[in-house]
Amino acid sequence: MKDDMGDTITLKIDGREVTARPGMTVLEAAREAGIEIPALCHHRKTRPYGACRICSVEAEKNGKTKIVASCGYPAEPGLVVRTRSPRIDRIRRAIIELVAPQANTDGDLGGDLKKLADEYGADIHRFEARLQAKSHRCTLCGLCVRYCDEVVGAHAIGFVGRGIDRRVVFFPEKASKVCANCLGCFKICPTGKIGAESDGTYFGFTVDDFLAGRL
Amino acid sequence: MAGVAALVSKVVGNYRNDKNMLIQILLDLQGGLGWLPQEALAEVSRQLRVPVTRVYQVASYYKAFSFAPKGRHSVTVCLGTACQVRGAPRLLDRTQDMLKLAPGETSPDMRFSLSTVNCLGCCALGPVMVVDGKYHSNPSTSELQHIVESAQ
Amino acid sequence: MPTRLSSPEQLESLRKDILSRRDSKRPIITVCAGTGCQTYGAGDVYQDIVQEVKKQGLETKLEVKATGCHGFCEKGVVVVILPEEICYVKVTAADVPELVGAAAKKILVERLLYVDPTTGQRIAREPDIPFYRNQTRIVFGHNKRIDPKNIEDYIALGGYAALGKALSQMSPEQVLAEVKKADLRGRGGGGFPAGKKWEETRNAPGDIKYVIVNCDEGDPGAYMDRSLTEGNPHAVLEGLLIGAYAIGAREGFIYVRQEYPLACENLNVAIKQAQEYGFLGDNILGSGFGFTVKVHRGAGAFVSGESSALMSAIEGKVGEPRMKYVHTAVSGIKDRPSNLNNVETWATVPLIIDKGADWFRSIGTAGSKGTKIFSLVGKVNNTGLVEIPMGMTLREIIYGIGGGIIKGKRFKGVQTGGPSGGILPEQCLDAPVDFDELAKLGSMMGSGGMVVMDEETCMVDVARYFVNFLCEESCGKCIPCREGLRVLRQILTDICEGRGKPEDIGVIREIAEVMADASLCALGTTAANPVLTTLRYFGNEYEAHIKDKRCPARSCKSLTSYYIDPQKCSACLICRRNCPTGAVNGDKGIVHWIDQEKCSKCGVCFEVCPDRFSAVVRISGEPVPPPPAPGTKVVRKHEG
């Protein structure tokens, strides 16, 4: 049901009435209205991906509430959204705790990850001892891959593998030709891995490393 | 090598250079070559005009594809739920001990490749082991020995 | 050379013509040639029968047909003589000459008949065998009459008449209304109303729409779709055509997992023949409706069976799920409206159009209409594919059709719903099997895998098995699923290997909740179900593993030791010969004992020790008695 003002959609976010244009997601509508919803794998220039799930919110419709990723959920008339709640906070805290063993640099998180850990009271060392895993310094948010694919169009970095063996790797044959003049993914990387392990001409994690079992 | 490029060209042509058929093309190449050499993947990217990142993403995602040549004899143990409940893990243990391989590995002399699969659909025979397409129901230790010794 | 049929009337004429060419009194020897029976040697049996018929000069008297799966997989190779439906079980090549001779003379080969274990009686006709008698085989029953590589078998049974009826007597809206009225719920696991999905696809904006068959059947232990597709591919095609007509789609895809080469082969043959006879292509049966279909093979990824992942794979991209807040019915393959349904769902459609929604609704329960095919496997006597009306109880299925637990052991649980489902205990045996009832108990119908477990199955290990499976199959895109499964797998492995701690249960529940709430797709949101149901119904097993370091089922290797009871051992040397690590000591007449240092816990000794001795025992949670003094002689029993 559209409201009287033609094409705008009216929904409630954290008790406030927010208007959105058709095609907007809840995250976009919230940000435009100045309501902050955290997100790790979102970039305004790339298509919504839904990998980090940090942007999860409670969405209530017809009396029923479900948890949705606001970066992909379309703004709907009459939707009631809660961006914070005990349930949402538990989810965000758990996501940081779960990804910390893979994303930390020498045991610490930085940047946005650290901010989230602090705000939601995450114990980033919680699963370390149990997993005995080596950190790859990567959350697999895919920002680098998607930026390179969708914004730059260079296809020099990509995903390989599946599940817990999923990795991001450079493809040197392409990367050595285009990366030095771009470095777009370096600024985007939330853990700083790319800048720490490559410089645009040398690539610390390549598809050959993956195939040789070094990653 | 001219051989690989020609084979890729034939397979890609069979699917009329349709990018949507990338997975089917790789399946045919894996079937024909027994593995996917890097050269073949580069050719697929070139001839099909899809980024090499996507070719590797697909090839490394699926269990059917192999980046290294396989052994002459394939040994597969089913770990489907029904076989699991009928003792498949113990069969796998015995097979691993005998072949000295973990699932996914190929023996250095290229005789055997060991793998696992989830449900072959002959649950009445469980636990099942397949050697070169021949099915064995709960093979005994001596049967396993015979299989290993007779495979060249 | 077949001519393209140009009307339903021509199809009916052809059907009558086929029937008239066939002598209904001439016996047909049908050999089950599904993948299951193939492993028992059905290929050889079939060839031998063909040769023997020639050898005995009986080509005009007997017909031989290789069919799809009959469902009685425990008794393969199954051979059924039509029209009487005489059922021979466990047929081998050696039985062929006698079988052929008897078929020609219309007499029975008694020793090949099924024996009812409770009465000791031999049963000649398939419909009288309890395994079959208690089923309702409306979808699967045709398999024994059809050579999947011969479209005329399907036509002879009335195949494609429903399509003819839909195209010539019903509008697309009427077909849609009938399927909606029938209340057909998806058979792939979700149980979503098919008619509703069809309607959403039909109403979505856009001229180009797609219909898709999901034959990616990934649940380990489920093989119904494979047997349907191998044995009766035309039923699937006909259902797909009717659906395409109702929805307004002119192009379809059948996604078949790579592990099913015979299904692919039979589908491709069926598609070619359907084209030749005019059921595919332009102007089908003179209706003006045109449709083409392609087969896409999977490449080994369980998660690619998820609908959005499957559609991605059909586009040649990696088969990983995406957010589905906008349904694939509206935006699917190439962002176009796409309707995906499971094999069994599609195969049921022609029956609904042929016999009507009211007939379909007369079978089943209020919330779940019709029948469901299950793969009844595990520790059950009659392993196979069974089709039952919704509402039949678990007890009726497992005991009435399945014949109870093998080797007379105790039932412990039945697993349904694959890795997204749960294990229901003995107290749930009288639960009716339908979508909602199973969900109420914490499990789900799933795609149809029904794995029976007994007292020797460790429930903690089963939970660990499913979590491990999903951890390996997760696409890895989203954090809750990828990392949640990694941690859950570690915790469950720790518990099974004796490193469990009391706080582990709380951590499991916490991670399960986050995964259920925040994962991207149903693999992640349902991944914790096996753990949660086993905690609910078998919590005592978790406690034993954690507190007492004991595995009640005596299955977990790290917590179980094998020991030979010197009082029972008769020094027969069998276990010693079979031990792969040389851990068994002793000799003829000298009591055997196991060197615990060398023992790899493979369990072979336990399996091979003759039942009359049962000298090998498994010990868990208690210390293992020391071995007997060297050279201890066997204690011979006084009984014979």
Side-chain ([X]) to main-chain ([Y]) donor-acceptor, under 3.5 angstrom:
X: Y465(C); Y: L79(B); answer: yes
X: R577(C); Y: S142(B); answer: no
X: Y62(B); Y: G319(C); answer: yes

Minimal non-hydrogen separation, [X] against [Y], with atom names:
X: S600(C); Y: D97(B); result: OG-OD2, 4.4 Å
X: Q258(C); Y: L27(B); result: CG-CD2, 4.1 Å
X: L125(B); Y: G36(C); result: CD1-O, 4.4 Å

- More than 12 heavy atoms from other groups under 6.0 Å of NZ on K10(B): no
- Output, in order, the C-alpha distance, side-chain angles, deciding distance and verdict of side-chain contact (heavy atoms from CB on, under 4.5 Å) for R297(C) and D28(B). CA-CA 10 Å; R297(C) 285 161 294 163; D28(B) 285 358; 3.0 Å; yes
Quick check on [X] against chain B: is it the side chain, the backbone, both or neither that has a heavy atom closer than 4.5 Å?
X: S304(C); value: side chain
X: K317(C); value: both
X: V608(C); value: neither
X: D461(C); value: side chain
X: E259(C); value: side chain

- Hey, what do you get for CZ (F469(C)) to CG (N118(B)), rounding to the nearest 0.5 Å? 4.5 Å
- Query: Quick one: CE on M450(C) to OG1 on T81(B), what's the gap to the nearest 0.5 Å?
  - Reply: 13.5 Å
- Item | Trace of the side-chain contact (heavy atoms from CB on, under 4.5 Å) decision for Q24(B) with K294(C) | CA-CA 12 Å; Q24(B) 312 305 300; K294(C) 267 211 258 289; over 6 Å; no
- Message: Need one label for Q84(B): side chain, backbone, both or neither, based on atoms under 4.5 Å from any heavy atom in chain C.
- Response: side chain
